[in-house]
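I am attaching a structure below and will ask some questions about it afterwards.
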Amino acid sequence: MQGKGITKKSLEESETLPLSRNQRRVRLIVFDPLWETMKKKGVTQYKLINKYGFSPGQLTRLKRNQNVNTHTLDMLCEILDCDLQDIMKRL
């Protein structure tokens, strides 16, 4: 009797496999433009946190190009008076 482990054949037949906790996903959206836009607008991370009540945790997520919600993106666009393409880009 054969076990139910992942074989080469099962990998070829499968469209996608879930990632384990230790595997990294490829990031398709990056927030590199955000830092340049902030610089142009004269808005620092300190100002985002202390004047606008922005979460330090969200800034960390943005620095690491991790997932953020649309509310966060909307807040940034409002604060910086810019559009989405000014704070993020899709690779």
query: Which atom pair, heavy atoms only, marks the closest approach of Asp81 to Lys41?
result: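 Reported closest heavy-atom pair: O-NZ, 3.3 Å.
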
query: Would a distance-only check, ignoring hydrogens and angles, find a side-chain to backbone donor-acceptor pair under 3.5 Å from Thr37 to Ile87?
result: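 Not a single qualifying donor-acceptor pair exists.
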
Heavy-atom closest pair, residues Met38 and Thr44: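 In terms of heavy atoms, the two residues are closest at CE-C, 3.7 Å.
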
message: Do Pro33 and Asp86 have side chains that approach each other closer than 4.5 Å (heavy atoms only, starting at C-beta)?
response: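 Not in contact.
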
query: Is Arg90 reaching over with its side chain to a backbone N or O of Leu28, donor-acceptor style, under 3.5 angstrom?
result: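 A pair under 3.5 Å: no.
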
task: Would you check if there is a donor-acceptor pair between the side chains of Lys63 and Gln45 at a distance under 3.5 Å?
output: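 Per modelled atom types, Gln45 and Lys63 side chains form a pair under 3.5 Å.
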
- prompt: Judged by atom type as modelled, is there a donor-acceptor pair below 3.5 Å linking the side chain of Asn50 to the main-chain atoms of Tyr46?
  reply: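 Side chain of Asn50 to backbone of Tyr46, a donor-acceptor pair under 3.5 Å: yes, one is there.
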
message: Pair Leu76, Val68 - check side chain to side chain contact (heavy atoms under 4.5 Å, CB included), show working.
response: CA-CA 11 Å; Leu76 285 169; Val68 293; over 6 Å; no

task: Answer yes or no: is there a side-chain heavy-atom contact under 4.5 Å between Leu62 and Leu34?
output: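 Yes, close enough: below the 4.5 Å cut-off.
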
- prompt: Would Phe54 and Val43 count as a side chain to side chain contact (heavy atoms under 4.5 Å, CB included) if you check the C-alpha gap in whole Å, the side-chain angles of each, and the deciding distance to 0.1 Å?
  reply: CA-CA 12 Å; Phe54 204 83; Val43 177; over 6 Å; no

field: Atom CD of Glu78 with >12 non-hydrogen neighbours under 6.0 angstrom
entry: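 Atom CD in Glu78 is not packed in, count stays at 12 or less.
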
query: Is the side chain of Asn65 donor-acceptor paired with the backbone N or O of Phe31 at a distance under 3.5 Å, no angle test?
result: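 Flag set: sc Asn65 to bb Phe31 pair under 3.5 Å.
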
field: Same apolar cluster (I L V M F W Y, side chains within < 4.5 Å links), Leu80/Val30
entry: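 The answer is no; the residues belong to distinct hydrophobic clusters.
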
message: Between Asp83 and Cys77, is the side chain to side chain contact (heavy atoms under 4.5 Å, CB included) condition met? List the steps.
response: CA-CA 6 Å; Asp83 294 318; Cys77 287; 5.7 Å; no

field: Evaluation steps, side chain to side chain contact (heavy atoms under 4.5 Å, CB included), between Ile79 and Leu48
entry: CA-CA 8 Å; Ile79 292 166; Leu48 278 178; 3.9 Å; yes

